[in-house]
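Beneath this line is the structure, given in structure tokens, with notes to follow.
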Amino acid sequence: MADHLSKHNISLSHTYYYPVSIANWEGSLPSIDEEMTRFPCILVIINGSGLLNLQEQQYELSRGCVMLWHKSHELKVSTQLHTSFKGTLISYRCLTSDGIQPNVLKHPEPLRNCSLNILSLTAELERASKQLSERKPFQFQQLFVELLAVLYDELEGQQQKNNAWMEQVLHYVDTHFHEDVTREQMATIAQVSPEHFSRAFRRHTSQTFSGYLALLRIRASQNRLLYDMPKLEKLAQEVGYKEGAYLSRKFKQLVGLSPTAYHQKKKRVVALNSNHTACLLALGITPELGVYSSWMESINPVNPLQKLYEFGISTSSFYNTIASTRPDLIIDYYTVKGSKELLPLAPVLGLPFMDMSWREQFRHIADVVERQQQVEEWLAHYDEQIWAFNQKLDQQLGKRGTAVLWEIGTSSAYSIHSSHGRGSQILYEDIGFRPPGSLLKHGIEQRGFVEEEIEAIADHPADHIFITGIPSNPGTKKRMKRLFQSESWLKMEAIKQNRMYLIEQPDLFYGYDPLSSQAQLHELMRVLISQK
């Protein structure tokens with residue numbers, strides 16, 4: 001029995017659960033007594049139906065419903081009966097051997113249509129409470145714990161069901177917010193009453209349904225206004241409102257500015273990854289908060305107040321740090337979870353990972369911060385460098401041939417496709433090398449990378465081999481030394497021709513952005529030309 005409950009985080013090895021009172025009642029609840037205000041309670045409806053008001057919420061209950069409450073200093077209970085209302089009220093106590101706050105059964109909504117098992121266990125427990133002298137030692141206690149275990153399982157099952165319909169509703173609202181979406185429609189989809197829908201929606205999102213819908217529509221408006229200023233009537237219809245004046249009023253309530261003022265203002269930007277921070281820096285913009293790679297910090301000191309540490313979106317410190325800057329725009333790679341969690345703070349510009357090159361991302365960010373001229377000047381200068389370097393390589397190498405760049409981890413080696421960066425975009429897109437056929441057969445274009453055992457690097461021969469760094473831990477160094485001394489490695493043509501380049505700058509080659517790409521280009525050219 002202890003194992004059964006402990007898997008639900010109710011540890012019976014150090015926690016003791018026992019009923020304080022078990023009362024059978026009909027017609028109305030007994031008056032609130034000391035036990036009901038000191039201990040957690042379980043109310044099981046045996047027969048009849050009625051309305052129950054608990055902590056300023058009204059619930060319609062009938063046979064098979066179970067209600068739970070705790071923190072009874074907030075308790076306000078009354079009933080309004082349609083018919084006879086019969087049930088069993090159990091108050092119980094939890095004690096822990098170490099004094100830690102014990103777990104109690106909690107659930108914000110009634111458990112409806114509970115199993116016959118719960119009803120029969122409740123009835124048996126009630127009978128047993130009247131016949132304690134006839135019971136064997138611990139039998140009454142065991143019966144109560146069994147009821148708790150079964151009840152918890154059914155509560156957990158209902159919660160999973162609630163989560164399932166909630167996710168379905170949220171997906172529908174997120175994709176149809178520009179239509180005429182109502183609470184009643186969503187309650188019908190969820191197959192619950194509108195009142196139950198409203199309570200559950202607010203608990204899940206911390207917002208009312210109408211507030212959440214308005215937030216989606218205004219954030220969509222802000223994203224649209226990043227690029228141009230359409231007529232308000234047209235914009236209103238795009239996001240689900242019928243009138244431009246109403247959109248303008250709702251927009252100002254949430255954003256604090258009119259749509260026109262938001263479109264025209266210089267945006268306070270937060271960048272949630274180092275690649276997009278680098279894009280902004282290359283355009284001459286320092287974000288209010290940005291994530292910086294160690295390489296970026298090494299070439300440009302960062303104000304600690306403007307550095308964002310990657311705690312993870314779900315942590316309160318990460319969220320509060322972003323909120324403190326009052327951003328007008330948040331830029332990140334697109335994730336559904338991240339975009340939704342940050343939506344209360346600002347519109348999120350989510351750029352697709354792998355589907356856009358660093359040049360495309362750079363131009364896209366330049367568009368929203370109105371630096372189109374600067375991005376084209378920067379890229380033109382970058383292309384001039386590529387042209388000059390290719391002229392030199394044409395003279396020294398002629399036909400490029402194949403190349404592979406390896407990133408060494410503590411236990412594996414990774415070859416990265418140009419869609420992931422890591423310097424491969426320079427090799428394959430800018431200076432004309434090709435990936436070896438063995439990597440193509442391993443699906444590097446589809447997956448974006450190939451992972452191999454360190455010793456298996458020798459299975460992918462290429463005309464030029466680049467290694468961006470070797471981890472300092474002894475185990476990896478030993479494996480790399482064994483690789484470099486192996487027969488298969490030594491007989492590769494690249495090794496014989498002195499075309500293996502150990503660069504030892506993994507931090508530099510991590511980035512996939514304009515600043516990193518420019519530095520990677522110079523480093524690759526340095527080692528290629530210095531070998532001649």
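Both backbone and side-chain heavy atoms feed into the values below; hydrogens, waters and symmetry mates do not.
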Can the positive tip of R447 be found less than 6.0 Å from the middle of the six-membered ring of F449, inside 45° of the ring normal? yes
A quick test of your reading: do over 12 heavy atoms of other residues, nucleotides or ligands sit less than 6.0 Å from OH of Y510? no
Evaluate whether atom CD of Q373 has more than 12 neighbouring non-hydrogen atoms of other residues, nucleotides or ligands under 6.0 angstrom away. no
Among residues at least two apart in sequence or on other chains, which ones pass side chain to side chain contact (heavy atoms under 4.5 Å, CB included) with K265? L257, K267, D328
Taking atom CD of E233 as the centre, does the number of heavy atoms from other residues, nucleotides or ligands within less than 6.0 Å exceed 12? yes
Name all pairs fulfilling the salt bridge (Lys or Arg N to Asp or Glu O under 4.0 Å) condition that reach into residues 453-470, sequence neighbours left out, sorted by first residue then second. E453-R479, E455-R479, E455-R482
Please give me the minimum heavy-atom distance between L397 and L528, naming the atom from each residue. CD1-CD2, 4.4 Å
Quick one: does any side-chain atom of E288 pair with a main-chain N or O of V269 as donor and acceptor, under 3.5 Å? no
Under 3.5 Å, side chain of N300 to main-chain N/O of M296, donor-acceptor pair present? no
Electrostatic pair R199-E195, nearest N-O below 4.0 angstrom: no
Are the charged groups of R363 and E360 less than 4.0 angstrom apart, N to O? no
Is atom CD of E504 surrounded by more than 12 heavy atoms (other residues, nucleotides or ligands) closer than 6.0 Å? yes
Flag this pair as yes if the NZ/CZ of R217 is under 6.0 angstrom from the six-membered ring centre of Y241 and inside a 45 degree cone about the axis; otherwise no. yes
Is a donor on one side and an acceptor on the other found under 3.5 Å between the side chain of S517 and the backbone of D513? yes
Can you check whether T410's main-chain N or O pairs, donor with acceptor, with T476's side chain at less than 3.5 Å? yes
Classify the angle between the aromatic ring planes of H276 and Y333 as parallel (below 30°), tilted (30 to 60°) or perpendicular (above 60°). tilted
H176 NE2: over 12 foreign heavy atoms closer than 6.0 Å: yes
Taking the inter-plane angle between the rings of W358 and W378 on a 0 to 90° scale, is it parallel (under 30°), tilted (30 to 60°) or perpendicular (over 60°)? perpendicular
Test your reading of the model: is there a side-chain donor-acceptor pair from H417 to the backbone of S419, 3.5 Å cut-off? yes
Are side-chain heavy atoms of H204 and L170 found at a separation under 4.5 Å? yes
With a 4.0 Å cut-off, would you call R224 and D228 a salt bridge? yes
